[in-house]
Amino acid sequence: MKKMLAVLLCMVMVFSLAGCSGGSTSTSGKGKVDVGIVLPTKDEPRWLQDKEKFESVIKDTNYSVEVLFSQGSSANEKTNVETLIAKGIKVLIICAHDGAAAAASVEAAKAAGVTVIAYDRLITGTDAVDYYVTFDSVAVGEAMGKYLADNATGQGNPLYLYAGAATDNNAFLFFQGAWNILQPKIADGTFVIKNSAEATAVQGSKELTRDQLAAIIGQVTTNWDFNEAKSKAEAHLTAVSAADKGKCYVLAPNDGTARSIADVFAADSDVSEYFITGQDSEKASVQYVIDGKQSMTVFKDTRTLASDAMGMAITVMEGKEPQTDSTYNNEKVDVKAKQTPIIVVTKENVKEALIDSGYYKESDFTGLK
Ligand code: GAL
């Protein structure tokens, strides 16, 4: 009897999942939801990875969860949050499309008595964020900067800088982290910036203000968009002479943009070799790393981040205070945060970091030794 019930329950779940549309995944089925999760877009593999991990964590709990995607729109995001509030969520886990614009959504959630957990990206300019679950984003940028610096010898190496979207607070943290390592190497002549007058203008200062960072990001942003990254890289390589190419060093802010920028550098006959960073360990970039087309990626284990966020939500629903280990200022308050460490992945440790750890299957890739 018990077995039959379990089978029936599985069937009901399969049907209700299959019936979901508009990027929503509900484990509740009845319209009542305990934890609402809002992610920025389905169009970047990174967030699908997070969704998958959330779902695997959720399977082991008694709580119901619904995941909605905002598809790169703050208006959709607001509607998603309102939909979830109407379904009675107690906790909102939200990765904002635009960190400043999302303040209004989380204020609405807060007003409805919902506990707000900012996920991966901090929401700025509001006191309505209760917790922040994140990777150490400054460490991500530092790992990228260190990779480039460790692989550079001599003087005058051409450096090309790219950044994430200015609407994403992480883009600032990543860039500042990279700058912490690169700036002294620019100051001592190891690197010469080739594509950003704004960065060149402040190359004497290690600590950049938010406005200085915003000016650089404004100039070399990819907006986290492959196509924008590609056309910027093409324009930059067209604007410089052959002498500004040769062995190039490229700070690319994430895997999606790294692949498109790498393709542009690879196609330029004046580029003899290039080193390029990335982050997220997206499958396509892991293959690029194996093939020597992308030099490194930063592995952000979304299993840990998703389970930390769900763990925090469950603690809150049990009426307890979740554990945190740091704070992040969001331009209004210090938000209590839980940070997850990151791992640098190169050709040398790709198997150990991503396959042996069970994150991906060996059969997902070719040429892995
Ligand atoms: C960031 C996130 C990165 C990357 C990027 C592009 O906020 O921390 O891991 O995915 O967005 O969406």
Side-chain angles (χ1 to χ4, degrees), residues 23 37-54 69-74 77 93-102 117-124 129 132-144 162-178 213 217 220-230 232 251-261 276-286 288 294 296-306 308-309 328 330 335 337-345 354 359:
I37 300 172
V38 177
L39 297 176
T41 179
K42 279 185 195 176
D43 299 337
E44 287 170 29
R46 155 74 212 268
W47 304 114
L48 293 173
Q49 290 179 186
D50 289 61
K51 174 177 178 276
E52 237 176 68
K53 302 307 169 199
F54 269 121
F69 286 94
S70 309
Q71 295 312 98
S73 146
S74 295
E77 186 175 82
I93 298 175
I94 175 168
C95 182
H97 161 61
D98 176 325
I117 302 175
Y119 181 77
D120 195 290
R121 296 176 180 171
L122 189 55
I123 295 167
T124 52
V129 182
Y132 181 32
V133 177
T134 184
F135 292 100
D136 185 342
S137 296
V138 173
V140 171
E142 286 175 341
M144 293 174 172
Y162 295 91
T167 48
D168 178 357
N169 189 59
N170 285 352
F172 289 75
L173 302 174
F174 299 146
F175 199 90
Q176 179 62 63
L213 284 166
I217 294 170
V220 296
T221 185
T222 59
N223 267 319
W224 298 132
D225 180 89
F226 315 161
N227 293 321
E228 191 163 340
K230 179 171 184 277
K232 278 224 161 109
L251 177 73
N254 78 345
D255 281 349
T257 59
R259 293 193 300 279
S260 56
I261 297 169
I276 188 165
T277 61
Q279 70 168 308
D280 293 337
S281 296
E282 290 179 4
K283 270 187 198 164
S285 275
V286 173
Y288 260 49
Q294 182 177 324
M296 62 88 88
T297 177
V298 177
F299 175 36
K300 300 164 90 170
D301 194 334
T302 48
R303 293 172 299 193
T304 317
L305 202 66
D308 278 356
Y328 275 72
N330 78 343
V335 182
K338 178 146 195 339
Q339 291 197 117
T340 300
I342 48 113
I343 295 170
V344 173
V345 176
L354 297 171
Y359 198 76

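For the numbers below, each heavy atom of this structure counts, side chains included, while hydrogens, waters and symmetry mates do not. Atoms within each ligand, like the ligands themselves, are counted from 1 in listed order.
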Between Leu305 and Lys53, does the side-chain contact (heavy atoms from CB on, under 4.5 Å) criterion hold? Intermediate values first, please.
CA-CA 9 Å; Leu305 202 66; Lys53 302 307 169 199; over 6 Å; no
Would Tyr132 and Asn330 count as a side-chain hydrogen bond (donor to acceptor under 3.5 Å, both in side chains) if you check the C-alpha gap in whole Å, the side-chain angles of each, and the deciding distance to 0.1 Å?
CA-CA 10 Å; Tyr132 181 32; Asn330 78 343; over 6 Å; no
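- Residue Arg121 approaches ligand 1 through these ligand atoms, each under 4.0 Å from one of its heavy atoms: 1 (C), 5 (C), 6 (C), 7 (O), 11 (O), 12 (O).
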Take Tyr359 and Gln49, measure what side-chain contact (heavy atoms from CB on, under 4.5 Å) needs, and give me the verdict at the end.
CA-CA 10 Å; Tyr359 198 76; Gln49 290 179 186; 3.3 Å; yes
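- Each of Thr257, Thr221, Asn223 was evaluated against Glu228; a single residue qualifies, Asn223, per the side chain to side chain donor-acceptor pair (under 3.5 Å) test.
- Atoms of ligand 1 found under 4.0 Å from any heavy atom of Asp168 (numbered from 1 in listed order, with element): 1 (C), 7 (O), 11 (O).
- The backbone N or O of Gly72 lies less than 3.5 Å from no partner atom in the side chain of Ser70, so there is not a single donor-acceptor pair.
- Heavy atoms of Phe174 found under 4.0 angstrom from ligand 1 belong exclusively to the side chain.
- With respect to atom 6 (C) of ligand 1, the closest heavy atom belonging to the protein is Glu44 OE1, 3.1 Å.
- Just one of Asn170, Thr302, Thr340 meets the side chain to side chain donor-acceptor pair (under 3.5 Å) condition when paired with Asp120; it is Asn170.
- Distances below 4.0 Å separate heavy atoms of Arg46 from the following atoms of ligand 1: 2 (C), 3 (C), 8 (O), 9 (O), 10 (O).
- Residues Asp255 and Arg46 are not in side-chain contact: their nearest non-hydrogen atoms beyond the backbone lie 4.5 Å or more apart.
- Scanning the protein heavy atoms around atom 4 (C) of ligand 1, the nearest turns out to be Asp280 OD2, 3.3 Å.
- A donor-acceptor pair under 3.5 Å links the side-chain atoms of Arg121 to the main chain of Ala96, judged by distance alone.
- Shown in contact with Asn170 at under 4.0 Å from a heavy atom are these atoms of ligand 1, numbered in order with element: 1 (C), 2 (C), 7 (O), 8 (O).
- Interface of Lys300 with ligand 1, defined as ligand atoms under 4.0 Å from a residue heavy atom, comprises 2 (C), 3 (C), 8 (O), 9 (O).
- With a 4.0 Å heavy-atom cut-off, ligand 1 is reached by no atom of Phe135.
- Near Trp47, with a cut-off below 4.0 Å to any heavy atom, the atoms of ligand 1 are 10 (O), 11 (O), 12 (O).
- Distance from atom 2 (C) of ligand 1 to its nearest protein heavy atom, with residue and atom name: Asp120 OD1, 3.4 Å.
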